[in-house]
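Report on one structure; see the data block that follows.
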Amino acid sequence: MTVDRLVAALGTLRHTAPPALDDELFTGWLTAPSRLGEVFVAFTSNGVQFVRSTASLDGDPAAFAQAYRMRFARPLRAADRAPAGLLPVLGGRPGAPPALDLRGLSEFERDVLAATRTIPVGETRPYGWVAREGGSPRAVRAVASVLARNPVPLLVPCHRVVRADGGVGRYLFGTERKEALLRGEHANLDDVEALARRGLHYLGAGATGVVCFPTCHRARRIAPADRTGFATVVAATAAGYRPCPDCRPGVVA
DNA sequence: CCCGTGACACTCC
DNA sequence: TGGAGTGCCACGG
């Protein structure tokens, strides 16, 4: 018996089919345009569950369904309407983000994704930052493992998590895509790279005494003459700077 | 349960 | 300055 017939049969058990039944048995899917090109998106009534570029799956919906089923053990059914908020965020436009359905993930995974989701557009944070913000400061490698399997890229902006040494790091769809996404949202990667070549990874503003990650919106407003680069937050605090309350570059000891 | 595996990150020269 | 070595933690087989 096909799943479609099963649902139909279950529906006849009541005078009117319960509206939530489909939703409990199926996950909807559709394709949508995004900054990664066309993507497959799977979603339940709780929120978006899985996003993958069609290019990475040879544009084959069956491959998407299989990948989905491997992880979530549920069948997919074509949907005709996108969840609220999905399309603007996929396209890099402003707007309230869609709800996410992260059931089935471990607490650690959800913590990592939640911390990652707070990174503003055009800014980056190192893996160690996500580990700390997520509540597991030494789980740096584990953070990387979680992001490598991010079920909802773009919606959880894992492309904004970069290496502490100034490198952009790897990405689910390739390093080039990661860099292109960051440049597309005007992250100042060239500044980061120039500083890293000198062994510097933080910027202090003399006027305010605040030290930031170089991509922080505050760091980018520091007048060149007022900028001081630091290799570590410890070095910056030793020089009298305090960590930026917005980008939170390290423990406030 | 032990062991291998990583989108990482320090520490040394 | 950068490459190798070592430490790390969560997960899966």
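The analysis underlying the following values was restricted to heavy atoms, covering all of them including side chains, and did not include hydrogens, waters or symmetry mates. Numbered from 1 within each chain, the chains take letters A, B, ... in sequence-line order.
Contacts of A/F72 classified as ring pair (Phe, Tyr, Trp, His ring centres under 6.0 Å), with partners at least two apart in sequence or in another chain: A/F50, A/Y68. In terms of the side chain to side chain donor-acceptor pair (under 3.5 Å) criterion, A/R81 has no residue partners (sequence neighbours excluded). For A/H186, the side chain to side chain donor-acceptor pair (under 3.5 Å) test picks out no residue, with sequence neighbours left out. Remark: A/D190 pairs with A/R183 by the side chain to side chain donor-acceptor pair (under 3.5 Å) rule, at least two apart or across chains. Considering only residues two or more places apart in sequence or on other chains, A/F40 meets the ring pair (Phe, Tyr, Trp, His ring centres under 6.0 Å) condition with A/W29, A/F64.
Put simply, CG on A/D111 is 13 Å from C1' on C/dA10, counting in whole angstrom units.
A/L189 belongs to a hydrophobic cluster whose other members, connected by ILVMFWY side-chain contacts under 4.5 Å either directly or through intermediates, are A/V162, A/V168, A/L182.
Within the model, atoms CG of A/L203 and CZ of A/R227 stand 5.0 Å from one another, a figure rounded to the nearest 0.5 Å.
Within 4.0 Å of A/S106, counting heavy atoms only, lie sugar-phosphate atoms of the nucleic acid but no base atom.
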For nucleotides 1-5 of chain C, tabulate all protein N/O to nucleotide N/O atom pairs closer than 3.5 Å, reporting atom names and distance.
| residue | atom | partner | partner atom | Å |
| --- | --- | --- | --- | --- |
| C/dT1 | OP1 | A/R197 | O | 3.1 |

Revision key, fill the gap. Given protein heavy atoms under 4.0 Å, the one-letter contact record of nucleotides 1-13 of chain B, with B base, S sugar-phosphate only and - none, is simply -----BBBS----
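Residue pairs meeting the salt bridge (charged side-chain N to carboxylate O under 4.0 Å, His left out) criterion with at least one partner in residues 30-56 of chain A, sequence neighbours excluded, are A/R35-A/E185.
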